[in-house]
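I'd like to ask you about the structure that follows.
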Amino acid sequence: GLIKQAQEELWSVVNEVSKAKKNGIPSNVSIGLYSYGNSGTTANGFIQQLVKFTGDVDTISKVLFALKTSGSSEYCGQVISKAQEDLFWSPVEGVYKVIFIAGNEEFTQGPVNYLNACETAVAKKIIINTIHCGTEMAGRSGWWANAAKLGKGEYFWIDANKVEAFIPSPYDSIIDIYNQNLNK
C-alpha cells in the first residue's frame, strides 16, 4: 500500500510541477526518476536510475506506476548524491531545481551521510523535499523532517493507514480502457 500511496503523491507533484509558469509562460520542466531501497537492485546501494531528465510526462507516468519494490535499506544520502552526479542540472541562474525523495526507512541509512548530501545540494541551489511514508512523528524521528530543513525544502508524510474512499462510477470501465490505450 505504501508504494501505491507514494506513487500517487509523486504523480500529484509531477502534475503540479508540469503546470509551472513564469511570467504567464509555461515553463520547460524536466523530471528524472530513481528507484532506491529495492532489494532486487543490489548494486550501487540499491539505487537505479529509471529515467534521465525528460519533459515527457507520459514516460514518467508509465515508469512511476510500473515501479515495484520488495524493500531493503534506503540509502537516502546516496541517492541524493547520485542524482546530483548523474543528472545534468541546469547551471542557469534562477532555474528551480528540486529533489523529491520518498521512503519509509530512517533517512540516516547507508554509506553517504545525508547531512553532506543535503549540504552539497543546497550549495548547488537544489532544494530537497522529503516525503515520509508513515506517520508524521515516525518521519520526524527518522530524520526526514531534518533532511528537508537542511535541504531548504518541505517535509511531507503519507499516512500508511489512510484508506481513500473509492466511489464507483458507471464510467470506470471505459476510463480504464482509454487509460490503457493512452499508456500504450
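In this chain, numbering begins with 1 at the start of the sequence shown. FYI, side chains are in, hydrogens and waters are out, and symmetry mates aren't considered; it's all heavy atoms of this structure.
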Quiz item: Going hydrophobic residue to hydrophobic residue with side-chain gaps under 4.5 angstrom, can you get from Val112 over to Ile80?
Solution: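 Per the 4.5 Å side-chain linkage, Val112 and Ile80 are not co-clustered.
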
Quiz item: Looking at Val51 and Ile31, what are the two nearest heavy atoms and their distance?
Solution: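 Closest heavy-atom pair between Val51 and Ile31: CG1-O, 4.3 Å.
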
Quiz prompt | Exercise: identify the closest heavy-atom pair between Thr130 and Ala147 | solution =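 That closest heavy-atom pairing would be CG2-CB, 4.0 Å.
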
Quiz item: Where is the tightest heavy-atom contact between Tyr114 and Leu150, given as atom of each residue plus distance?
Solution: CE1-CD1, 3.9 Å

Self-check item: Neighbour count above 12 (heavy atom, 6.0 Å) for Asn28 CG
Solution: no

Quiz item: Would you say Val95 and Val122 are hydrophobically clustered, going by side-chain heavy atoms of ILVMFWY under 4.5 Å?
Solution: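 Hydrophobic grouping puts Val95 apart from Val122.
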
Quiz item: For Lys124, does the NZ atom have more than 12 heavy-atom neighbours from other residues, nucleotides or ligands under 6.0 Å away?
Solution: yes

Practice problem: Give the minimum heavy-atom separation between Gln84 and Ala117, together with the two atoms involved. | Solution: NE2-O, 3.2 Å

Quiz item: Would a line drawn from the ring center of His132 to the ring center of Trp144 be shorter than 6.0 Å?
Solution: yes

Quiz prompt | Interatomic distance, Ser30 atom OG to Lys52 atom NZ [nearest 0.5 angstrom] | solution =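 So the gap between those two atoms works out to 13.0 Å.
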
Exercise. State whether a side-chain donor-acceptor pair under 3.5 Å links Tyr155 with Asn129.
Key: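 Side-chain D/A pair, Tyr155 to Asn129: absent.
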
Quiz item: Is the NZ atom of Lys97 crowded by more than 12 outside heavy atoms at less than 6.0 Å?
Solution: yes

Quiz item: Any side-chain donor-acceptor pair under 3.5 Å between Tyr34 and Gln49?
Solution: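 Short answer, yes.
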
Quiz item: In Å, rounded to the nearest 0.5 Å, how long is the span from NZ of Lys62 to CG of Leu182?
Solution: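 Interatomic distance, Lys62 NZ to Leu182 CG, rounded to 0.5 Å: 11.5 Å.
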
Quiz item: Is it true that a side-chain atom of Ser81 and a backbone atom of Gly77 form a donor plus acceptor pair closer than 3.5 Å?
Solution: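 A pair under 3.5 Å: yes.
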
Quiz item: In terms of heavy-atom contacts, does CH2 of Trp143 have more than 12 from other residues, nucleotides or ligands at under 6.0 Å?
Solution: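 No, because the 6.0 Å sphere around CH2 of Trp143 holds 12 heavy atoms or fewer from other groups.
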
